[in-house]
Number of protein chains: 2
Amino acid sequence: MDGTTQLDGKARRTTARRAQTRRRLLDAALRAFAEEGFGRTTVESVCARAGFTRGAFYSNFSSLDELFLAMWEERSARMLHDLREALAQVPAAAPEEALRAALAAVGVDDEWHRITAEFTAHALRTPGLRRIVAAREQAIRETLVPVLTGALRRAGRDVPDEAALGSALVAVHDGTSVQVLLEPGSEDALRHREELFRHVLYAYSRPTPRDAGALEPPAPEETPHPEEPHRA
Amino acid sequence: MDGTTQLDGKARRTTARRAQTRRRLLDAALRAFAEEGFGRTTVESVCARAGFTRGAFYSNFSSLDELFLAMWEERSARMLHDLREALAQVPAAAPEEALRAALAAVGVDDEWHRITAEFTAHALRTPGLRRIVAAREQAIRETLVPVLTGALRRAGRDVPDEAALGSALVAVHDGTSVQVLLEPGSEDALRHREELFRHVLYAYSRPTPRDAGALEPPAPEETPHPEEPHRA
DNA sequence: CGTATCCGATACGTTCGCGTATCGGGAGGG
DNA sequence: CCCTCCCGATACGCGAACGTATCGGATACG
């Protein structure tokens with residue numbers, strides 16, 4: 001928000017290295033939590049990674065939880081931002097392409113997955129945190145859905161229940177990420193993930209009904225997918 | 001496996017209370033890990049819950065990891081067993097019914113979900129554990145799939161890629177469980193979960209092709225679902 | 001260039017949990 | 001009924017991490 005020296009005339013004085021220190025601590029926290037786990041990470045470990053002693057830490061944060069939350073919100077917001085950007089650059093594409101862009105933006109990041117998985121589990125125990133995580137999930141759904149429904153509509157498909165599609169996509173992302181990471185290098189897991197996404201996309205949409213019966217009225221229902229590239 | 005006093009004539013002597021002690025420690029471990037998290041659970045906490053001191057613990061296990069793993073494998077095996085039983089009692093049912101039975105057997109258990117989620121994240125850091133978790137997931141898939149494909153076939157639907165269906169179901173279970181737990185009491189989350197399962201079931205199966213064109217050859221493809229009970 | 005202030009390093013005492021070594025009560029066998 | 005051996009409790013020392021209080025070098029400003 002600030003970053004420079006003075007704010008407007010009555011604020012803090014020196015804020016130059018302080019910002020750098022914060023930054024290094026935030027970055028170190030990501031690595032520490034990813035490598036050591038949410039529950040086993042210590043203040044000392046984070047400081048060591050950042051090249052500080054605990055003095056620096058307690059001067060900037062009051063607890064590990066606070067540092068973690070700051071780091072998580074930052075990374076999470078960055079991810080959401082990247083997602084928006086990636087989707088913005090898919091102007092009039094097929095849904096497949098929009099989906100592929102979204103997946104590329106989100107990715108299946110090992111470190112980040114471990115962190116969020118453990119944090120989510122922790123949040124389930126802590127009402128305040130639970131609400132924060134739930135809100136973030138909702139934001140992700142609300143970013144994703146309009147773009148995909150747009151792409152689907154342009155491809156001639158309606159989405160009757162957008163909320164359902166959103167939940168489904170997030171659930172599928174979470175669930176398949178674990179599988180991909182559990183079997184590193186597995187071609188199958190990745191293919192199954194992609195296949196499931198495609199299925200969901202089509203299962204939660206249907207051919208746009210032409211208002212007063214125009215084109216292709218004889219075809220009664222549903223040609224499942226453009227192609228079915230998986231070998232039987 | 002034994003539970004009584006002697007094994008065959010050359011084994012340990014007293015094994016009566018020892019077994020009880022083990023049991024109480026295993027049960028206490030479940031509660032402790034669920035409430036305090038995987039990384040923050042201490043030996044003392046488990047012992048206190050079980051009504052012992054650390055002496056009992058170190059007499060039965062050599063590390064907390066060992067106790068955790070024993071507990072996890074037991075509960076996990078029990079879950080798998082319940083699943084098999086529940087599915088065995090769905091003799092010639094519709095796939096919907098088999099699915100419902102499976103979901104009821106597995107359920108969305110808060111405690112258990114937190115434990116497995118954190119443990120899985122931990123296992124991703126530890127090759128040995130990673131393989132154990134992956135194997136367990138595979139066992140679950142292999143239990144689930146044949147029953148469901150059987151039910152689907154009896155309902156006149158083929159499953160072209162059973163492995164894909166298995167992964168999809170497990171992924172959907174994991175992914176939607178988090179959502180259901182993140183929004184406690186949310187009718188929507190539960191409904192979305194069920195809906196997604198149904199979609200997956202049908203997306204990964206197709207009407208059995210009558211060998212030499214028998215019934216309903218005119219219908220070109222796919223009547224999506226029997227009913228679509230969700231309100232728009 | 002001086003000086004006031006900031007901020008991270010250092011030093012300190014404390015608490016928590018660990019793992020081991022030893023003890024004593026009670027369960028089983030003769 | 002004794003007596004042996006098991007097994008969980010107790011006692012002990014240790015190391016890790018914590019949070020605070022204080023110090024000294026760096027930094028911004030006049």
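Note that the structure is a prediction, hence the values are computed from the model and not measured. Labels below follow one simple rule: chain letters A, B, ... track the order of the sequence lines, proteins then strands, and each chain is numbered from 1.
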Open item on the list: Among residues at least two apart in sequence or on other chains, which ones pass side-chain contact (heavy atoms from CB on, under 4.5 Å) with A:Ala70?
Closed with: A:Arg22, A:Leu26, A:Phe61
What is the distance, to the nearest angstrom, from the [atom1] atom on [X] to the [atom2] atom on [N]?
{"X": "A:Phe52", "N": "C:dC7", "atom1": "CZ", "atom2": "P", "result": "12 Å"}
{"X": "A:Phe61", "N": "C:dC7", "atom1": "CZ", "atom2": "C1'", "result": "14 Å"}
{"X": "A:Glu44", "N": "D:dG19", "atom1": "CD", "atom2": "C1'", "result": "11 Å"}
{"X": "B:Arg40", "N": "C:dC16", "atom1": "CZ", "atom2": "P", "result": "16 Å"}
{"X": "B:Arg24", "N": "D:dG8", "atom1": "CZ", "atom2": "C1'", "result": "11 Å"}
{"X": "A:Asn60", "N": "D:dG19", "atom1": "CG", "atom2": "P", "result": "15 Å"}
{"X": "A:Gln20", "N": "D:dA26", "atom1": "CD", "atom2": "C1'", "result": "14 Å"}

Open item on the list: Taking 4.0 Å as the cut-off, does a side-chain nitrogen or oxygen of A:Thr21 come that near to OP1 or OP2 on C:dC7?
Closed with: no
- [ ] Compare side-chain N and O positions of A:Thr42 against OP1 and OP2 of D:dA16 and report whether any pair is under 4.0 Å apart.
- [x]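 Negative; the distance criterion is not met.
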With respect to the side chain of [X], which nucleotide from [options] is positioned closest?
{"X": "A:Thr53", "options": "C:dT10, D:dA9, D:dA17", "answer": "C:dT10"}
{"X": "A:Arg18", "options": "C:dC7, D:dA17, D:dA9", "answer": "C:dC7"}
{"X": "B:Ala16", "options": "C:dG8, C:dC18, C:dG28", "answer": "C:dG28"}
{"X": "B:Ser59", "options": "D:dC7, C:dA9, D:dC18", "answer": "D:dC7"}

Open item on the list: Return a single string for nucleotides 19-24 of chain C, one symbol per nucleotide in 5' to 3' order, where B is base contact, S is sugar-phosphate-only contact and - is none, cutoff 4.0 angstrom on heavy atoms.
Closed with: BB----
Between [X] and [Y] (salt bridge meaning N to carboxylate O under 4.0 Å), is one present in this structure?
{"X": "B:Arg125", "Y": "A:Glu35", "value": "no"}
{"X": "A:Glu183", "Y": "B:Arg141", "value": "yes"}
{"X": "B:Glu44", "Y": "B:Arg49", "value": "no"}

Task: Set of residues satisfying side-chain hydrogen bond (donor to acceptor under 3.5 Å, both in side chains) with respect to A:Glu194, sequence neighbours excluded - done: A:Arg100
Open item on the list: Aromatic contact between A:Phe57 and A:Phe52, with the criterion being ring centroids under 6.0 Å apart: yes or no?
Closed with: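 Not close enough - the centres of the two rings lie 6.0 Å or further apart.
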Open item on the list: Holding to ring-ring contact (aromatic ring centres under 6.0 Å, His included), I want the full list of residues that pass it with B:Tyr204, two or more places apart in sequence or in another chain.
Closed with: A:His199
Open item on the list: Side chains of B:Glu142 and B:Gln138: any donor to acceptor distance under 3.5 Å?
Closed with: yes
TODO: Tell me, please, which residues at least two apart from B:Glu74 pass salt bridge (Lys or Arg N to Asp or Glu O under 4.0 Å).
DONE: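 In terms of salt bridge (Lys or Arg N to Asp or Glu O under 4.0 Å), with neighbours along the sequence ignored, B:Glu74 is linked to B:Arg23, B:Arg78.
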Open item on the list: Pairs counted only when both distances fall under 3.5 Å, Watson-Crick or G-U: show me the 5' to 3' dot-bracket for DNA chain C, [ ] for pseudoknotted crossings and | for other-strand partners.
Closed with: ||||||||||||||||||||||||||||||
Task: Pairwise 5' ranking along DNA chain C for B:Ser45 and A:Ala56, keeping only the more 5' one - done: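 Checking each residue's closest nucleotide, the 5'-ward one belongs to A:Ala56.
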